[in-house]
J.: 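This is the structure, below, for whatever I ask next.
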Amino acid sequence: METKIYRMKENINKEEIEISAKEIKKGNLVVFPTETVYGVGADGLNSKAVEKIFKAKDRPSDNPLILHIESIDMLEKLVNEIPNIGRTLIKAFWPGSLTLLFKKNNCVPDIVTAGLNTVAIRMPKNNIAINLLRESETPIAAPSANISGRPSPTKAEHVERDLDGKVSVIIDGGMTDIGIESTVLDISEEVPIILRPGSVTKEEIEKVLGIEVEYDKSLICEKETPKSPGQKYRHYAPNGEMQIFIGSNKSKYKSIIELYNKYKNDGKKVGVLVTAELAELLSIKDIVILGSRNNLLEISSNLFDKLREFDKLKVDIILSEGIEEEGIGVGIMNRMKKAAGNKVNLV
Ligand code: TXA
Ligand code: MG
């Protein structure tokens, strides 16, 4: 299949949005930017169209999708009830990077929810996404637009690498702002539970609701089975083997240098992923800088792009500095640990 690529960084091209929406209506796949990562979208009410997403991504069929909407009217068509806490959260965080789990109604196809009785829904903030949704007049089911297991795409070039020839349209809207996927919050039971941490943090949610929310057990203890099917799969993995270092500046510095030299002597190609602050201390080549510790949004925005950079550099080993697990740092570390297959060194 020939993939059409539309580039619209600053201004929306109405005509290209209309052509893209037509593809959605015809049951084809369109990749579009959101403020978190790029999504590969299909008409969320058309099972045949949604099936194409699973094929293109090589995604396990037990991993449910998020429906993207642009109006509360649309939400009301997809769920039987919007609980009060849902209304409060929507008012505070939509449009934005918070995905909410509701009890689904019958018009949501089983393929979208992988047979579960809940449906994940979010209203994105990105202008291209909103315009595409408006023009398509249907909820758009869209997972991250990467081949399953690879780092999520934050630039159109990442999408082109993974999905060129497998989708009808890719809309290039430049680099995404947040860079890690939305926070997923289950509000279908009594106590709200965060199934995936993202840029909307636990503290922010608790402040708005005035009650405590919990992390899914699997986010605290590796051995627990995640409630979100997607969380159990290997994810975000660069080709090289990755290890994370957590500790004081001095001990991280020492351990990274030591292992860097050791692997080099073993004839391995080593890459180092660190903050600007640690990079200043390290006098070695092969450093990729994540961003500044003082700007966690810069780090989240860069993370997946930097992981993909190591694939271009064809490194065997990636030694990576851990980030403080505070605010969006919780989401960043969640992705980093998955990318590293949980190889974390406390130094
Ligand atoms: O920021 C985002 O959320 C991006 C953009 C494109 O919107 N989308 C995204 O989709 O990250 P995806 O499919 O890569 O991740 C969706 C996550 C998966 O972990 C999936 O298992 C979980 O949400 N999920 C979806 N529906 C669910 C449900 N009914 N119950 C539990 N988990 C669900
Ligand atoms: Mg994904």
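Atoms within each ligand, like the ligands themselves, are counted from 1 in listed order. Scope of the values below: all heavy atoms of this structure, side chains included, with no hydrogens, waters or symmetry mates. In this chain, numbering begins with 1 at the start of the sequence shown.
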J.: Looking at ligand 1, does Pro229 have a heavy atom less than 4.0 Å from it?
T.: yes

J.: Among all protein heavy atoms, pick the one closest to atom 22 (C) of ligand 1 and tell me residue, atom and distance.
T.: Ser228 OG, 3.1 Å

J.: Identify whether the distance between the nearest side-chain nitrogen and carboxylate oxygen of Asp73 and Lys77 falls below 4.0 Å.
T.: no

J.: Looking at Glu16 and Lys4, is any side-chain nitrogen of the basic one under 4.0 Å from a carboxylate oxygen of the acidic one?
T.: no

J.: Output yes when the distance from some N or O of ligand 1 to some N or O of Tyr38 is under 3.5 Å, and no in every other case.
T.: no

J.: Does a salt bridge link Arg196 with Asp216, judged by any charged N lying under 4.0 Å from a carboxylate O?
T.: no

J.: Over 60° means perpendicular and under 30° means parallel, so tell me whether Phe102 and Trp94 are parallel, tilted or perpendicular.
T.: perpendicular

J.: Show which atoms of ligand 1 fall inside a sub-4.0 Å distance from at least one heavy-atom site of Asn63.
T.: 18 (C), 20 (C), 21 (O)

J.: Taking 4.0 angstrom as the limit and counting only heavy atoms of His68, give me the atoms of ligand 1 inside it, by number and element.
T.: 5 (C), 6 (C), 7 (O)

J.: If you take the nearest heavy atom of each of Val37, Ile193, Ile121, which one is closest to atom 4 (C) of ligand 1?
T.: Val37

J.: Strictly below 4.0 Å, N to O, side chains only: are Lys252 and Glu277 in salt-bridge contact?
T.: no

J.: Counting heavy atoms only, which of Glu35, Arg196, Lys103 comes nearest to atom 15 (O) of ligand 1?
T.: Arg196

J.: Count the heavy atoms of every other residue, nucleotide or ligand shown that sit under 6.0 Å from NZ of Lys343, and state whether that count exceeds 12.
T.: yes

J.: Looking at ligand 1, does Arg122 have a heavy atom less than 4.0 Å from it?
T.: yes

J.: Between Gly115, Pro64, Ala129, Gly198, flag the one that comes closest to atom 26 (N) of ligand 1 by a heavy atom.
T.: Pro64

J.: Considering only heavy atoms of Ser182, which atoms of ligand 1 have at least one such atom less than 4.0 Å away?
T.: 1 (O), 2 (C), 3 (O)

J.: Please could you name the atoms of ligand 1 that Ser144 approaches to less than 4.0 Å, counting only its heavy atoms?
T.: 8 (N), 9 (C), 10 (O), 12 (P), 14 (O)

J.: Establish whether Val330 and Val184 are linked, either directly or via other cluster members, by ILVMFWY side-chain heavy-atom contacts under 4.5 Å.
T.: no

J.: Look at the side chain of Thr183 and the backbone N and O of Gly198, then say whether any donor-acceptor pair between them is shorter than 3.5 Å.
T.: yes

J.: Would you mind telling me if ligand 1 is within reach of the side chain of Thr118, the backbone, both or neither, using heavy atoms under 4.0 Å?
T.: both

J.: Please say whether more than 12 non-hydrogen atoms of neighbouring residues, nucleotides or ligands are located less than 6.0 Å from NZ in Lys22.
T.: no

J.: Considering the options Glu321, Glu324, Glu326, which one meets the salt bridge (Lys or Arg N to Asp or Glu O under 4.0 Å) requirement together with Arg293?
T.: Glu321

J.: Quick check, are the ring centers of Phe32 and Tyr38 under 6.0 angstrom apart?
T.: no

J.: Would you mind checking which non-hydrogen protein atom is closest to atom 13 (O) of ligand 1, with the distance to 0.1 Å?
T.: Arg59 NH2, 2.8 Å

J.: Looking only at distances, can you tell me whether any N or O atom of Thr36, backbone or side chain, sits closer than 3.5 Å to an N or O atom of ligand 1?
T.: yes

J.: Are the side chains of Asn345 and Ile244 in contact, using a 4.5 Å heavy-atom criterion?
T.: no

J.: If we set the cut-off at 4.0 Å for heavy atoms, which region of Lys57 has an atom near ligand 1: side chain, backbone, both, or neither?
T.: neither

J.: So that I can check it, does any N, O or S atom in Asn146 come closer than 2.8 Å to the Mg ion (ligand 2)?
T.: no

J.: Pull out every atom of ligand 1 sitting under 4.0 Å from any heavy atom of Leu116, numbered as shown with elements.
T.: 28 (C), 29 (N), 30 (N)

J.: How far is atom 6 (C) of ligand 1 from its nearest protein heavy atom, and which residue and atom name does that atom have?
T.: Gly39 CA, 3.6 Å

J.: Between Leu101 and ligand 1, which residue portion shows a heavy-atom distance shorter than 4.0 Å: side chain, backbone, both, or neither?
T.: side chain

J.: What atoms of ligand 1 come within less than 4.0 Å of a heavy atom belonging to Ile66?
T.: 3 (O), 8 (N), 9 (C), 10 (O), 16 (C)

